[in-house]
Enquirer: 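I have a structure I would like to understand better, so I am pasting it below and will then ask my questions one at a time.
Computation of the quantities below employed the complete heavy-atom set of this structure, encompassing side-chain atoms and omitting hydrogens, waters and symmetry-equivalent molecules. Note that the structure is predicted; figures quoted are calculated from it, not measured. Note on naming: letters A, B, ... go to the chains in the order of the sequence lines (proteins, then strands), and numbering restarts at 1 for each one.
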Amino acid sequence: MDGLEQKWSAAWERDGTYRFDREAPRERVFAIDTPPPTISGSLHVGHVFSFTHTDLIARYRRMRGIDVFYPMGWDDNGLPTERRVQNHFGVRCDPSIPYDPDFTPPYDPDFTALARPSAEPVAVSRPNFVALCLQLTDSDEKVFEELWRTLGLSVDWSMTYTTIGPLAQRISQRAFLGLLARGQAYQLEAPTLWDVDFQTAVAQAELEDRERPGAMHRVRFAPAGDGISRPEALIETTRPELIAACVALVAHPDDERQRELVGREVLTPLFGTRVPVLTHPLVDREKGTGLVMVCTFGDLTDVLWWRELGLPVRSVLGPDGRLVDVAWGSPGWESADVGRARSAYRELRGRTVNQARRSMVELLQQSGDLVGEPQPLTHAVKFFEKGERPVEIVTSRQWFIRTVEHSGALIARGRELNWHPPYMRARFEDWVNGLSGDWCISRQRFFGVPFPVWYPVDERGAIRYEQPIIAHDEQLPVDPSTDVPHEYEASQRGEPGGFVGDPDVMDTWATSSLTPQVAGQAGEDDDLFARVFPMDLRPQAHDIIRTWLFTTILRSHIEYDSLPWRNAAISGWVLDPDRKKMSKSRGNVVTPMHLLSEHGADAARYWAARGRPGTDTAFDAQQMKVGRRLAVKLLNASKFALSDLPPQGEALTHPLDRAMIARLAAVVADATHSFEHYDYTRALERTEEYFWWYCDYYLELVKGRRYDAAPQAAASVSRALALSLSAFQRLFAPFLPFVTEEVWSWWQEGSVHRARWPDAGELASHAHGPDGDLPGEELALAVAADVLREVRKAKSDARRPMRAALARVVVTDTAKRLRALRLVSDDVVRAGAIEQLELLDGEELSVQVEFAEDAE
RNA sequence: GGGCGCGUAGCUCAGCUGGUCAGAGCACCUCGCUUACACCGAGGGGGUCGCCCGUUCGAGUCGGGCCGCGCCCACCA
């Protein structure tokens, strides 16, 4: 077993075994939209798991005579790479710094961060930073490729793409410009989800909830004006630091308790800002006091109320997550007591959200506006999935792709798609139904695909965002921070009457949503694209249905009015043996290379293949040992069957051989049907189950005949062994590509992975000999196996070796089963070392044995 | 709060349209170095199929209701 990975992966590369035929017509192509792994993430045993699943399907289709389009992509774009580069090289990007062609990073890459762990990061220009990103991703990609080759993925390595490469950038930018021309992309100054540490906009799809401790504060709002008798308003909030940003209070329209307040105005505590009390049906009467403070902006509901109730913006939070300076008394910041507002706000200004919250609680306690003590609670807070602090909502200019208006159509697309397993569609529909806004695709980051636009700078130096200067197609890909639009000179950058480049880059999903176009080279090689698109299969894990799967469908729907692929095969996750999700922070990650070298690629693939589509699977080294045993068994069984083979006959003359082949035909039919429905696990189970049975019973039953019997009977065994071995080797080929290729090479021409998938009908025709009585013969095989088992049991009970000879064996069974047994009794006698076999009519099977009094 | 999935031997799981379905592998125990295989082979013990109703001649298998676990989503003030 050892060394097969190196031997055969080199051979496959040399022979182009998995090369895609670019001349293949569309109907003979099976195109796979491979997930480009995030190569800055750590290699994970989950990669082995899900990529094996895809490879199983690819190998099956290829053996069905289909040309499989199976490229590999690397997702090197985006924040994970930036973060890794920062840590790895000890740098941070500062776009205001000019490019330094002689720059060398403070850390020697070969020594990683260990060289100077505590050093301050060095600021570098954007081009230098991007160069470091490219340097690092290049080495990361080599590590991944090495793993994939060792694992035996049957990808065509001549078609590799990256999500940051020129091809992806060109396609991504061209697609963006297409959306812009059709009004499907737009920019807007609007409240945006914002990560204060990365200082970038993030998308709804990149959010996750985390449970965090907090506190509920009951706060009094005084009535505005002089009406002493008017009621005061009580609200409850977890975010008192945003009271300065309060623009309204809202109650449910039917809430009797608030009836007196609604329509009046109240004053914010400390700041004395007049805010109206309004109604909105979304308010939950049961929650808190039934009265909610609306701030610009505390959460997404605030945004909704702000929009629907036509409220003003009063923003206190800066992009760095600190409270900005506010000119109390100026328009929009009117106060009943400007001096008091100023002195209160002085305690908050420049503070982080958490600091400001603590200060605010003290201030409210001093002023008496806090009712009772803050009540500690644990609540879910939204985080950017890669972030450290809760997301905030700040107003900024961002690019969006229209999403919400396509919701209905996207649901319909989801129903058009074949989901494997089918219930995964529910997650997609949940997500589409829950969309709360269009997709924000701009990020205030550096390592990504830039927006291919510039903006004119008018004579007064103002940037005219509403009149973007569009890059010409032949310029793509462009980097507007260094490239110059056609109508301008480089010297005009940033000058009045000149231009500026759009400073942002696209969300990584804005490019990843185009993987079918990138892999198929849309707009670059239209002949290729027409042969592969729409693709056949999108394999991916269930956690990125809302991102990758959703956005890919959206882009394809808008651009081509079609699905990007016909099938989506959803993999589960790998859990650790305690059923916890594996993660670096838990320290429960198993590194895949170690796994492959310890157990072998076939064994690891076996374990992966036992994970059904969509099902989370616990990591289980024991299963890999089982897989290795299966591989070894196939090796040994093949060795037995193929060594010193008597001459093959043309036909299967022996009933036992025919029956075995008939069963095999049924297994082939089952495995084929399962694979057609993406149920590779079932295909493996059925094949494996029958293969062990075949080794334990059939091979034992025919062993004697193969060595000793008359030429014609032996010729039938030879023929049966050749047929069955060939079929087993091909059935196992998708799962155990290395060992099957090895055993195939012993006696066949070419690669097993280019061999034709076994045909159930053809096998069955071998089983129907001229005088074949199929039902009777299949029963014969079953009864023979039963008798053999009973004989073994008797020997085991008597603590005798299996080779111990039996002087006399009496088999009692029904007449029908005995009739069947007679057809094959010669093999049973040899396999059991039986000297005299007697058959006795009875009700059910029972076997009596007498041991021969031999030399023992 | 809504949705989805899962609860079958100590462990990991098969059981497709209801009637040899009570199974497999691992683990455990016993035996056996038999000319494919000791990286092995043969045999064995072990479960009221989460709980309660119902449909049916008959239910792990269908319907309803609970309980537990996991995941996804949510307008979490």
Enquirer: Which nucleotide in the list G43(B), C72(B), A36(B) gets nearest to the side chain of D797(A)?
Expert: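 Taking heavy atoms from C-beta onward, the closest nucleotide is G43(B).
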Enquirer: Is the base of G60(B) syn or anti, if syn means a glycosidic angle within 90° of 0?
Expert: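 This nucleotide is in syn.
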Enquirer: Closest to the H542(A) side chain: A36(B), C71(B), U34(B)?
Expert: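 It is C71(B).
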Enquirer: Report which part of the nucleic acid K795(A) touches: base, sugar-phosphate, or nothing (heavy-atom distance under 4.0 Å, all strands).
Expert: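 Result for K795(A) = nothing.
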Enquirer: Report the distance from atom CD of E700(A) to atom P of G43(B), rounded to the nearest whole Å.
Expert: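 Those two atoms, CD and P, are 11 Å apart.
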Enquirer: Determine the contact category for W607(A): base if any of its heavy atoms lies under 4.0 Å from a base atom, sugar-phosphate if only primed atoms, P, OP1 or OP2 are that close, otherwise nothing.
Expert: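 Counting heavy atoms under 4.0 Å across all strands, no contact is made by W607(A).
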Enquirer: Would you mind pulling out the nucleotide paired to C28(B), Watson-Crick or G-U wobble, both distances under 3.5 Å?
Expert: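 Partner of C28(B): G44(B).
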Enquirer: For the C1' atoms, the ones on C75(B) and on G2(B), what distance do you get once it is rounded to whole angstrom?
Expert: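 Result for the C1' pair: 13 Å, nearest Å.
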Enquirer: For the side chain of A380(A), counting heavy atoms from C-beta on, which of C76(B), C39(B), A77(B) is nearest?
Expert: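 The nucleotide sitting nearest to the side chain is C76(B).
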Enquirer: Kindly point out which of C31(B), A36(B), G3(B) is positioned nearest to the side chain of A637(A)?
Expert: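 The closest nucleotide is A36(B).
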Enquirer: Distance check needed: C76(B) P versus L304(A) CG, whole Å only.
Expert: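 Spelled out: CG on L304(A) to P on C76(B) is 11 Å.
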Enquirer: Given the ring of F675(A), does R682(A) sit roughly above its face, with NZ or CZ under 6.0 Å from the centre of the six-membered ring and within 45° of the axis?
Expert: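 Ring-cation test returns no.
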Enquirer: Identify, between Q622(A) and H379(A), the residue whose nearest nucleotide on RNA chain B lies closer to the 5' end.
Expert: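 Whichever sits nearer the 5' end wins; that is Q622(A).
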Enquirer: Just so I know, are the side chains of R629(A) and K625(A) near enough to count as touching, which here means a heavy-atom distance under 4.5 Å?
Expert: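 Sidechains of K625(A) and R629(A): no contact.
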Enquirer: So M216(A), base contact, sugar-phosphate only, or nothing? Heavy-atom distance under 4.0 Å.
Expert: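 If one applies the 4.0 Å heavy-atom cut-off, M216(A) turns out to touch the sugar-phosphate alone, with no base involved.
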Enquirer: What nucleotide, of A36(B), A77(B), C26(B), holds the atom closest to the side chain of E236(A)?
Expert: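 In terms of side-chain proximity for E236(A), the closest of A36(B), A77(B), C26(B) is A77(B).
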Enquirer: Reckon T301(A) has a side-chain N or O less than 4.0 Å from the OP1 or OP2 of C76(B)?
Expert: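 Yes, such a contact exists.
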Enquirer: Taking 4.0 Å as the cut-off, does a side-chain nitrogen or oxygen of R546(A) come that near to OP1 or OP2 on C73(B)?
Expert: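 Yes, R546(A) has a side-chain N/O under 4.0 Å of OP1/OP2 on C73(B).
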Enquirer: On a whole-Å scale, what distance lies between the P atoms belonging to A22(B) and G46(B)?
Expert: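 Straight-line distance between the two P atoms is 16 Å.
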Enquirer: In whole angstroms, how far is the C1' atom of G2(B) from the CG atom of D209(A)?
Expert: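 To the nearest whole Å, that distance equals 14 Å.
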Enquirer: Tell me whether the NZ or CZ atom of R628(A) lies within the 45° cone about the ring axis of W607(A) and under 6.0 Å from its centre.
Expert: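 No - R628(A) does not lie over the ring of W607(A) by the 6.0 Å and 45° rule.
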Enquirer: With rounding to whole Å, what would you report as the distance between C62(B) and G1(B) at their C1' atoms?
Expert: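 The same atom, C1', in both gives a distance of 29 Å.
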Enquirer: Would you mind pulling out the nucleotide paired to C76(B), Watson-Crick or G-U wobble, both distances under 3.5 Å?
Expert: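 Across all strands, not a single nucleotide pairs with C76(B).
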Enquirer: Does A27(B) have OP1 or OP2 under 4.0 Å away from a side-chain N or O of Q623(A)?
Expert: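 No, because none of the side-chain N or O atoms of Q623(A) sits under 4.0 Å from OP1 or OP2 of A27(B).
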Enquirer: Measure centre to centre between the rings of F297(A) and W306(A), then say whether the value is under 6.0 Å.
Expert: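 For F297(A) and W306(A), the ring centres are under 6.0 Å apart.
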Enquirer: For the side chain of R686(A), starting at C-beta, report the closest nucleotide among A14(B), A77(B), G43(B).
Expert: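 Given the options A14(B), A77(B), G43(B), the side chain of R686(A) is closest to A14(B).
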Enquirer: Determine, step by step, whether F49(A) and F619(A) satisfy the ring pair (Phe, Tyr, Trp, His ring centres under 6.0 Å) criterion, reporting the C-alpha distance in whole Å, the side-chain angles of both residues, the deciding distance to 0.1 Å, and the verdict.
Expert: CA-CA 10 Å; F49(A) 187 66; F619(A) 177 78; over 10 Å; no
Enquirer: Give the C-alpha distance, both sets of side-chain angles, the deciding distance and a yes or no for salt bridge (charged side-chain N to carboxylate O under 4.0 Å, His left out) between R427(A) and D430(A).
Expert: CA-CA 5 Å; R427(A) 301 209 178 182; D430(A) 265 12; over 6 Å; no
Enquirer: Starting at atom CD1 of I545(A), determine the distance to atom C1' of G3(B), rounded to an integer number of angstrom.
Expert: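 So the two atoms are 13 Å apart, to the nearest Å.
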Enquirer: Is the cationic atom of K703(A) (NZ for Lys, CZ for Arg) positioned less than 6.0 Å from the six-membered ring centroid of F640(A) and within 45 degrees of its normal?
Expert: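 Yes.
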Enquirer: So Y690(A) and Y694(A), would you call those rings parallel, tilted or perpendicular, with 30° and 60° as cut-offs?
Expert: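 Because their plane-to-plane angle lies in the 30° to 60° range, the rings of Y690(A) and Y694(A) count as tilted.
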Enquirer: Starting at CG of L684(A) and ending at P of U12(B), how long is that distance when rounded to a whole Å?
Expert: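 Result: 20 Å.
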Enquirer: Would you mind pulling out the nucleotide paired to C16(B), Watson-Crick or G-U wobble, both distances under 3.5 Å?
Expert: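 Across any shown strand, C16(B) pairs with none.
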Enquirer: Which base, if any, makes a Watson-Crick or G-U wobble pair with C21(B), both distances under 3.5 Å?
Expert: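 Pairing partner: none.
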Enquirer: May I ask you to evaluate whether R629(A) reaches the phosphate of C26(B), defined as a side-chain N or O under 4.0 Å from OP1 or OP2?
Expert: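 Affirmative; the distance criterion is met.
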Enquirer: Write down the distance between CG (D616(A)) and P (C4(B)), rounded to a whole number of angstrom.
Expert: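 Computing the D616(A):CG to C4(B):P distance gives 18 Å.
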Enquirer: Given the ring of F428(A), does R546(A) sit roughly above its face, with NZ or CZ under 6.0 Å from the centre of the six-membered ring and within 45° of the axis?
Expert: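 Not satisfied by the 6.0 Å and 45° rule.
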Enquirer: Taking only N and O in the side chain of R612(A), is any of them less than 4.0 Å away from OP1 or OP2 of G15(B)?
Expert: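 So the side-chain polar atoms of R612(A) do come within 4.0 Å of the phosphate oxygens OP1 or OP2 of G15(B), strictly under.
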Enquirer: With a 3.5 Å cut-off and just heavy-atom distances, do the side chain of D430(A) and the base of G2(B) make a donor-acceptor pair?
Expert: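 Checked by distance alone, the answer is yes.
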Enquirer: Would you mind reading off the distance between K287(A) atom NZ and G1(B) atom P, rounded to a whole angstrom?
Expert: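 Spelled out: NZ on K287(A) to P on G1(B) is 11 Å.
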Enquirer: OP1 or OP2 of C76(B) sitting under 4.0 Å from any side-chain N/O of K382(A)?
Expert: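 Checking K382(A) against C76(B): no side-chain N or O falls below 4.0 Å of OP1 or OP2.
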Enquirer: Expressed in whole Å, how much space separates the C1' atoms belonging to C53(B) and C67(B)?
Expert: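 Here C53(B) and C67(B) have their C1' atoms 15 Å from each other.
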Enquirer: Out of A74(B), A14(B), C39(B), which nucleotide sits closest to the side chain of E685(A)?
Expert: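 Shortest atom-to-atom distance from the side chain points to A14(B).
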Enquirer: Have a look at R628(A) and say if it touches a base, only the backbone sugar-phosphate, or nothing, with a 4.0 Å heavy-atom cut-off.
Expert: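 Base: the residue R628(A), judged by heavy atoms under 4.0 Å, touches a nucleobase.
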Enquirer: How is S796(A) classified with respect to the nucleic acid when contacts are heavy atoms under 4.0 Å: base, sugar-phosphate, or nothing?
Expert: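 Answer is base: heavy atoms of S796(A) come under 4.0 Å of a base.
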Enquirer: Under 4.0 Å between any heavy atoms, over every strand shown, what does Y697(A) touch: base, sugar-phosphate, or nothing? Just pick one.
Expert: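 Sugar-phosphate, backbone atoms only, no base.
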Enquirer: Look through every strand shown and name the nucleotide pairing with C4(B) as Watson-Crick or G-U wobble, where both distances are under 3.5 Å.
Expert: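 Pair assignment: C4(B) / G70(B).
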Enquirer: Which part of the nucleic acid does K633(A) contact within heavy-atom distance under 4.0 Å: base, sugar-phosphate only, or nothing?
Expert: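 Counting heavy atoms under 4.0 Å across all strands, the contact made by K633(A) includes a base.
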Enquirer: OP1 or OP2 of A36(B) versus the side-chain N and O atoms of Y698(A): is any pair under 4.0 Å?
Expert: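 Indeed not, no polar side-chain atom of Y698(A) lies that close.
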Enquirer: Under 4.0 Å, heavy atoms only, any strand: does V250(A) hit a base, just the sugar-phosphate, or nothing?
Expert: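 V250(A): no heavy atom of the nucleic acid under 4.0 Å.
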Enquirer: Would you mind classifying the nucleic acid contact of R239(A) as base, sugar-phosphate or nothing, using non-hydrogen atoms under 4.0 angstrom?
Expert: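 It contacts nothing in the nucleic acid.
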Enquirer: Taking any heavy-atom pair under 4.0 Å as a contact, classify K625(A): base, sugar-phosphate, or nothing.
Expert: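 Nothing, no nucleic acid heavy atom in range.
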Enquirer: According to the Watson-Crick and G-U wobble definitions, with both distances under 3.5 Å, which nucleotide is paired to C37(B)?
Expert: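 C37(B) is unpaired by these criteria.
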Enquirer: On RNA chain B, compare the nucleotides closest to L282(A) and V626(A); which residue's is nearer the 5' end?
Expert: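 With L282(A) and V626(A) compared, the 5'-side residue is V626(A).
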Enquirer: Looking at F691(A) versus Y697(A), is the centre-to-centre ring distance below 6.0 Å?
Expert: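 That pair fails the under 6.0 Å test.
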Enquirer: What's the closest nucleotide to the T237(A) side chain, out of G3(B), A77(B), A36(B)?
Expert: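 Out of G3(B), A77(B), A36(B), the nucleotide with an atom closest to T237(A)'s side chain is A77(B).
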Enquirer: Taking atom P of G15(B) as reference, at what distance in whole Å does atom CG of D670(A) sit?
Expert: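 For the pair D670(A) CG and G15(B) P, the rounded distance is 11 Å.
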Enquirer: State which of C72(B), A77(B), C39(B) makes the closest approach to the side chain of W573(A).
Expert: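 Output: C72(B).
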